[in-house]
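All ligand and atom numbering here is 1-based and tracks the order in the structure.
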Amino acid sequence: MTTSNNESFIQRTCLPSEMLQWNDRNIMSVLKNCLGKELSKVTMPVTLNEPLSFLQRVCEYMEYAEILNKANKEEDPADRMKLVATFAVSALASNWERVGKPFNPLLGETYELQRNDFKILCEQVSHHPPISAFHAESSNYKFYGSINPKIKFMGKSINIQPKGMVTVELTRWNEAYSWSNVNCCVHNVVVGKLWIEQLGTMEIKNHSNGYRAILDFKEASSSQEANKVFGIVENDEKKVRYRLFGKWNEFLKCASEEDYQLCMQQKHVNESMSSHDRNSKKLFSKLNSFKMPSFLGVNIQDDLVGTSELKSLSLNEDADISSDIKSALLWKCKERPAYSSKIFWCSGQINCSPTEKEKIKWKGPYFHIICR
Ligand SMILES: CC(C)CCC[C@@H](C)[C@H]1CC[C@H]2[C@@H]3CC=C4C[C@@H](O)CC[C@]4(C)[C@H]3CC[C@]12C
């Protein structure tokens with residue numbers, strides 16, 4: 001990878017192209033024959049593209065990579081897991097309202113990005129099916145993996161299954177954590193406002209000590225529920241240590257299991273005092289929630305589903321308690337500029353910077369695209 005010289009670079013603030021306004025789209029003529037098909041095989045009009053390659057999009061996983069520096073400093077394995085899980089959620093934030101199609105890289109195309117505290121190299125290792133591999137490194141961690149997105153047109157929506165595993169290694173601890181990203185759905189492809197949802201269960205495993213985090217990206221049943229994420233961090237004896245809650249496009253907070261239990265007890269006391277009847281209804285609906293759709297058809301091993309379902313019972317309640325519980329903020333998404341819905345704008349740190357004011361001068365190369 002090219003090393004820095006004395007040039008200083010000013011990051012751009014937006015991509016040099018206006019976003020297609022989706023009400024002008026005439027996408028049906030392209031998609032009418034594609035129902036259920038793998039979209040990587042379909043030629044799309046270039047107006048549907050955003051001016052970035054998929055390799056550049058992959059680099060956006062790194063927008064909040066400083067969380068991994070913090071993780072490497074933590075002494076308690078549960079604290080490390082909590083931060084690795086935070087990183088996994090933060091890595092998806094840049095997808096919010098990004099409804100353009102990135103360019104499919106050529107076979108062997110590479111993209112390098114070097115920042116003050118990390119560098120990342122991505123390469124297209126297969127054209128059909130498209131597979132992108134990446135490797136990022138800093139003094140505190142390594143982050144690598146491959147993504148093989150399966151994109152299917154389902155009529156009103158597009159389903160994306162980002163197959164492939166990603167791994168974080170924390171240098172100081174010689175530990176590896178791995179997970180697969182959750183599925184993604186682009187809604188209202190034909191009519192209405194396009195929006196992106198991340199949904200399903202993500203299991204992050206620490207392969208050295210058996211700690212794991214389970215994150216449930218909720219299906220949006222209402223606009224209030226949209227983008228919510230709930231999770232737990234458990235130790236090698238399956239004892240829950242932390243509860244995580246937030247929104248993948250906004251923030252993630254964390255509460256200790258003790259505070260969570262205290263809060264739940266308090267809540268139950270209050271409830272039983274106020275209405276006995278409501279309680280039994282609640283219990284009934286809890287029992288019903290055993291058949292949560294987000295737990296069906298997700299790529300999680302069978303033996304795991306039982307425990308996750310049980311845990312989800314209490315995770316669900318986080319929705320009501322998140323305002324009462326003693327919690328710490330683990331991550332907050334950077335603010336988006338006002339023009340973000342008009343002009344292609346992408347994740348602040350990586351491909352553009354967020355505001356004029358924040359134009360940063362930094363020493364070192366910006367990025368290079370090298371085709372072999
Ligand atoms: C133009 C219309 C028809 C299609 C637009 C589809 C766009 C929105 C799709 C095509 C490829 C998709 C990406 C494929 C893979 C991943 C990796 C995953 O970890 C996060 C989501 C992410 C980054 C997807 C985001 C949405 C995406 C960019």
field: Lys253 to Phe251 six-membered ring, cation-pi geometry met (6.0 Å, 45°)
entry: yes
Would you say the side chain of Gln124 lies within less than 4.5 Å of the side chain of Asn104, judging by non-hydrogen atoms? yes
Any N or O of Tyr61 closer than 3.5 Å to N or O of ligand 1:
yes
We want to know whether His207 and Glu175 form a side-chain donor-acceptor pair, criterion being a heavy-atom distance below 3.5 angstrom. no
The atoms of ligand 1 lying under 4.0 Å from a heavy atom of Ile151, numbered in the order shown, are 10 (C), 11 (C)
* To do: Using a strict cut-off of less than 4.0 Å between a Lys/Arg side-chain nitrogen and an Asp/Glu carboxylate oxygen, indicate whether Arg98 and Glu60 qualify as a salt bridge.
  => yes
>> Do Thr110 and Glu123 pair up side chain to side chain, a donor and an acceptor below 3.5 Å, judged on atom types alone?
In response: no
| said: Between ligand 1 and Asn181, is the shortest N or O to N or O distance under 3.5 Å? | reply: yes
Please answer: with hydrophobic residues joined when any side-chain heavy atoms are less than 4.5 Å apart, are Ile196 and Ile160 in the same cluster? yes
Under 4.0 Å from one or more heavy atoms of Pro149, ligand 1 contributes atoms 14 (C), 15 (C)
Ligand 1 atoms nearer than 4.0 angstrom to some heavy atom of Arg98 are 8 (C)
In terms of the angle between their ring planes, are Tyr144 and His135 parallel, tilted or perpendicular, with boundaries placed at 30° and 60°? parallel
In terms of its nearest heavy atom to atom 5 (C) of ligand 1, the top option of Val186, Leu52, Val166, Val99 is Val99
Quick look: Phe54 vs ligand 1, heavy-atom contacts under 4.0 Å, and the answer is side chain
- request: Ignoring hydrogens and angles, state whether a donor on the side chain of His268 or Gln266 is under 3.5 Å from an acceptor on the partner side chain.
  value: no
* Asked: Could a heavy atom of Ala91 be found less than 4.0 Å from some atom of ligand 1?
  -> no
Exercise for review: Validate the cation-pi geometry between Lys247 and Phe217: distance from NZ or CZ to the six-membered ring centre under 6.0 Å, angle to the ring axis within 45°.
Suggested key: no
Going by the 4.0 angstrom heavy-atom rule, the piece of Val189 near ligand 1 is neither
A student checking ligand 1 against Pro102 at a 4.0 Å heavy-atom cut-off should list atoms 28 (C)
Note: heavy atom closest to atom 2 (C) of ligand 1, options Asn183, Leu194, Ile158, belongs to Ile158
At under 4.0 Å between heavy atoms, what of Asn49 touches ligand 1? The answer is neither
Q. Taking the non-hydrogen atoms of Glu60, is any one of them nearer than 4.0 angstrom to ligand 1?
A. no
